[in-house]
Each structure stands twice: as C-alpha cells, then as structure tokens.
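To start, the structure under review is shown below, and the notes come after it.
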Protein chains: 2
Amino acid sequence: MATLADVAKRAGVSVGVVSRLLNGDDTLRAREETKQRVRAAAAELEYTPNYAARALRKSRVGVIGLAVHDASNPVYSEIIAGAQAEATKAGYALMLSDVDALATDDERFKRFVSGGAIDGLLLQRAGTSADALVSKIASGEVPTVLLNDHTRGAIGSVAVDDYAAARLAVSHLIELGHRDIALLQVDGPRSRATRRRKGWADALEAAGLEARASRVFRGGHTAEQGYRGMSELLMEPTLPTAVFAANVLSAVGALSAAYDRDVQVPDGISLVGLHDVFVADFLQPRLTVVRLPLFELGARAVTLLLSQMENEPARHESIQTPEPVMVLRASTAPPARH
Amino acid sequence: MATLADVAKRAGVSVGVVSRLLNGDDTLRAREETKQRVRAAAAELEYTPNYAARALRKSRVGVIGLAVHDASNPVYSEIIAGAQAEATKAGYALMLSDVDALATDDERFKRFVSGGAIDGLLLQRAGTSADALVSKIASGEVPTVLLNDHTRGAIGSVAVDDYAAARLAVSHLIELGHRDIALLQVDGPRSRATRRRKGWADALEAAGLEARASRVFRGGHTAEQGYRGMSELLMEPTLPTAVFAANVLSAVGALSAAYDRDVQVPDGISLVGLHDVFVADFLQPRLTVVRLPLFELGARAVTLLLSQMENEPARHESIQTPEPVMVLRASTAPPARH
DNA sequence: CTGAAAGCGCTAACAA
DNA sequence: TTGTTAGCGCTTTCAG
C-alpha cells in the first residue's frame, strides 16, 4: 500500500533516489547515510513495489505462460515443476493454461497476449488444430518456445533425447532375449513420434532384427488409447513377446488390456513404458520404464525463452545430459520358451 | 501495440469517448455514426487494451491465484478445471502455484500479493506449516477462499460433502455383507479428516456395528502413504474384510500393498476409495470409488471469491448437489465365507 | 550527490 | 454529444 512517494517523503529524499536505490542501480552515487535512511523508511512502511505500475513503465509484466494439453497428465508435472523452478529463480511467475481452452476463445487469447499479459509462452503441442492456432497467435506477439518438439524459424524449441530413450528401452528387451518386439506408437507432433519409432527400429536392426510395420500399433498418449492399441495388438494371430509403449500412460492402458485378455505380464508378454510417473510404481506388475530428464526440459525451456526475450535468436536445443536411464521394475522378463 | 490515443486520433474523437464506448459504458450518449467510426478505427488498428495500464488505473489485475500442494495430484485437476472455467467466464485468468514453493520464499510471495499481482487467492490446505504461512500472508492482503475446507472469520471456504461420501462408501460395503470395515484415514486439515471418519463411524453404527479406533489406520493422501498404511493394517492378527480409503491415491497404494502381501482384492479384502481419477479405471482390479462434484467445487470457489472481492462477507459454502455417487467397479465383493 | 519531471496507457470526473 | 485532464505508481533522463 505504501508507494515510492511515501518512502521518499519519510526519508526526506526524492522518489528518484528511492527507486534507483531499491532497484540496485549502481550508477547511483549516494551517501551511505542517505541509503540507510531510505532503506529504513522502506522497511518501516513495508514498501512493496506495485506490479502493474512497473509493468506499465517497463512494458514487461514478469509472467510467462505455459500452455499444455491436459494439465492433469502426470508426465507434464515434472516439466512444469522444472519450468516453475527456473522461472522463479529469474523472478518470473508462471501462468499455467490449457491449450484447448485458449483455442476455444482465441479472440480473448489474442487480446491477452497482445495486451501484454504475458512476456513469453512455453507451448506443449499435441498435433491438434488448437496447437496451430495458439502457436500462431502467440508467436506473432511474444517469444515462444516449444516443449519437447522441434522447429525452425522464429519459434524456439527444446527436446529430450526420445530417440536414445526408445533405443535404450528396446535394447533392454533384446538383451533379455526378445526377438519380436512391437511398438505402441504415440501420436502428436510428427517429429516426436518419428524419433521414438526410429529408436525402436534402429535398436532392432542393430541386433539384426527386422522392424516390421505390422508390429507398429497406435498407442496414443492416454491410458484409454493405450488400452485400445494393446487390445488390437492382442488380436494378432501370433503375438510379439514384448512391447515398447512410447508413452507411460499408454503403457498403463496396455497393462490393463493385457490383464483383461488374460495375458500375463511379464510372463506372457513384456512391457516397457517411456517416462516415469508415480503410478508406474503402483501397478501390478510394477512398470519398467525409461526415464528422461523432464525437469531439466522445463528448466531449459524457460532459460531459452528468457534469452529470446532478450532478443537472442530462437533456436533448437537438445538435452543430452542427464542421459535416459532404465528404471527396472517388474514388467519385463526373458521371453517364455516354447 | 496500438493505444487508445491512436484509435481516437484515427476516428477523430477524444480518448474518453473511445474508452467509454469500448468498455460498454451505457451512460455514453454518442451518435451512432460516431460509434461506428470508432469501432472501425479500433478494428483497423487491431487495438487491444493494455493490461498493465488498466490494472494500474483500476487497481485490479484480473488474475486470481490458485495454490495447491502438488499440482500433479490428479484429484486436483478436476477442481482446477472447474476453477479455470468459472474464472474465464468472469474474465479472470488463473495463476496456478505450489503452496510449498510459495512458503519457501515467503518474502517474495508477500511482495507478490501486496504488490497487487493477484486480486484474490484460492488455497488448498494440507495441514502443513506452509499452509498456515501462505494463508496468513494472503488473507491479510487479498480475499481468500479455502478449497474443501472449513473456516470462520475473514476467510471463505467451500466444501463438498465428504461426510456423505464416506457414509455412502461404507454403507455400500455393509450392504455387501461386510461387518468388519477398516478406515484408511487421510491426513491434512482436521475438519476434512474428521468429516470422513465420522461418515465411516456413523455408517457403521447405523448398522449396529462398532467403529473401533483400532480399525483406523493412517492412509495419508499419497499412494506411498496408502501403501504404508495398508501394510500396517495387513499385519494385524485378524484382518478386516473391507477397507475404506479416504483418498484415491492412498487406495492406489493400498491395492499395491495388498498385492505384495498376496492378499487378493476383492476376494480376500474389499477396497473402496474416495474420489475418482482416471487411473482408478486402469488398475487390477479396477477400483470402486465414490465420486464427488470436484469440478463444481472449483467453480463455486471462484464464484465465492469473486463475491468477496466485491466486498461481500466471507462465508462457508457446502456443495450438496450433485450428490456423491458410487462408481462400482471391481474392487468390492461380498466377504468370503469361513 | 540529489531533485524534478516526463510519460508508460488507461479510466473517470468534469467541462463544454 | 464530445473533449480535457488528473492521476494510478513507477523508471529514467536531465539538471543542478
């Protein structure tokens, strides 16, 4: 409630001095005694700068937007946490939002960004038309970076190594002795799906195995879609001995589908998921999974965004460390003899 | 980028007229022809009001804060969605945050609220000291309402009928023939835990059964805590035939614990959880659960908060409709004969 | 070393 | 029916 003017009056100086002192302007050359007086006055009045006034003056509000599909997806929460941490460190607040909600009322969203309500946007795409709309509106007005995605041009992006992760998962299965390994493919941005599929294919081929298109099924990125994909897979005349689900939630659904069809995991079929979330450790059997540095993904995305806000060029960044790691649990085992 | 002044100039009128017209001030009596001209100018220049300037002038920023513990908890996502929808409808943006993060840097948080960065706060407490701190800081500065909690005084609150839900769950178990039903108690705000426990006890007593304190175990509100609580329960010399877990996540953990101890659900023991989340439908067995109107909880909380922002008194609101409903799945069955 | 003042874009009260 | 203007709280340039 106290304003700069109040502090200035109480300290017997002008507002200019107070502003510069409190903002750590080192070109300010003031007597130490004056500084003390100002600081004391500010403390006594519990002075807090007004955000709106500062934003108006600097045309920078200090908030960055983070738009995802389905904020309840536990995979995102780690990304969000990373972004949150990094944003806070830089003095920014994070504003979480739902892509589809934004796209529904795109006029409002447009006013929002061009009215200066956010200084930049982090966007998680899923390949829908809502994405395209939101990304077009935002990138025309504020710096934008895509999460776990790949792009050129004015939009930045940062991604984890999905290819390595997929390859790691499939290699693990191969080491266990599997030779017929199916893929439950994600959908969403092409690049993401492609990278994971390539990891699967390359791991297979490196072991002299064939990556057959007939062993690729749609897994989507929800438990329900995973359930459906796995159900289709289980109707094949001859079953693969292992499955790599390119998304945890679809692995959760896949597990449930196997259970419903009386196919034992891992005895009848092995299953590996991509990304680790808490539920993976509470399923029956506990899900083996490969973990990717999602927290870092969120953090680095805001670092990149901040740099774009400083007029650095947009670029793509790939996170190589920490490396993907296998989290061995109970859903994989050597294939049954026959 | 275009300002009010730009629009005014182009339309050949003063800024006052433009402002009042665009804000739908009906005391404005302008010629229809003038209005047209202004609207046309605004459209051509793609005028969008500047948020910071408006906020500064009206000392109202148009954002409300929502602080929860662990935003990844799927139980919250429905509450958040409800709040989001209602806030958007009223022209407010929602800013999601983590209670513990706020409490960690409480100085910053204080500056944040008293600097006018949010107009009001929705707070989900869990009974920690972080809650107390955040709630004290916030309520001293902006209208505050608690989510699924109960309070008096200057802070408002809105709750769903936890008591009825607990009672419903336990009654279901009793109808199935169970006579020895344990409770996996939540922790968190006293009122919430108490309401659920009372529902359990009353349902039991209404059926002439005894609500023994020795049948109450700590279930917490995470899968891990539920796992531990259930593990303790399973070490009892004589086991109950059914368990009511006063939280879904703790039910998820409980199920996992039963599996690890080779206790079959529902054959060896029946299990009901409180609140429905997507994973409940993908566990083995699928979890029977009682569903509460969480979306409404979020929406009504926003409504209440907005009214408090209009200087209405803070009050407590209890959501009675829609009523709690049983979602029957596969984790409950009649008790085994012996 | 410190003060004065302009101005960010908008709203609302008051004039004309 | 429309115009003028003060001022929200802050930062920053320019004087002194």
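Reckoned from all heavy atoms, side chains included, excluding hydrogens, waters and symmetry mates. Chain naming here is simple, since letters A, B, ... match the order of the sequence lines and numbering starts at 1 in each.
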Contacts of B:Arg108 meeting salt bridge (charged side-chain N to carboxylate O under 4.0 Å, His left out) (sequence neighbours excluded), chain-then-number -> B:Asp105
Sugar-phosphate only, base, or nothing, as touched by B:Thr34 at under 4.0 Å among non-hydrogen atoms: sugar-phosphate
Return no unless some side-chain N or O of B:Tyr47 is found under 4.0 Å from OP1 or OP2 of C:dC10. yes
ring-ring contact (aromatic ring centres under 6.0 Å, His included) partners of B:Phe112, counting only residues at least two apart: A:Tyr51
Residues two or more places apart in sequence or in another chain: which of them pass side chain to side chain donor-acceptor pair (under 3.5 Å) with B:Glu46? none
Students should find that the nucleotides of DNA chain D closing off the region near chain A, any atom under 4.0 angstrom from a heavy atom, are D:dG9 to D:dT12
Show every salt bridge (Lys or Arg N to Asp or Glu O under 4.0 Å) that has at least one partner inside residues 123-139 of chain B, sequence neighbours left out. B:Arg125-B:Asp149
Sequence neighbours left out, what passes salt bridge (charged side-chain N to carboxylate O under 4.0 Å, His left out) with A:Glu310? Give chain and number order. none
Decide if atom NZ of A:Lys35 counts as having more than 12 heavy atoms of other residues, nucleotides or ligands within a radius under 6.0 Å. yes
Using heavy atoms to find the nearest nucleotide of DNA chain D for B:Ala53 and B:Arg31 separately, return the residue whose nucleotide is more 5′. B:Arg31
With nearest nucleotide decided by heavy atoms, which residue, B:Arg37 or A:Asp25, maps closer to the 5′ end of DNA chain D? B:Arg37
Test salt bridge (charged side-chain N to carboxylate O under 4.0 Å, His left out) applied to B:Glu317 - qualifying residues, sequence neighbours left out: B:Arg300, B:Arg315
Specify the residues of residues 12-20 of chain B, ordered by number, for which at least one heavy atom lies under 4.0 angstrom from an atom of DNA chain C. B:Gly16, B:Ser19
Would you please name every residue forming a side chain to side chain donor-acceptor pair (under 3.5 Å) with B:Thr48, sequence neighbours left out? A:Ser114
Just to be sure I understand the rule, does A:Arg54 reach a base, reach only the sugar-phosphate, or reach nothing, if contact means heavy atoms closer than 4.0 Å? sugar-phosphate
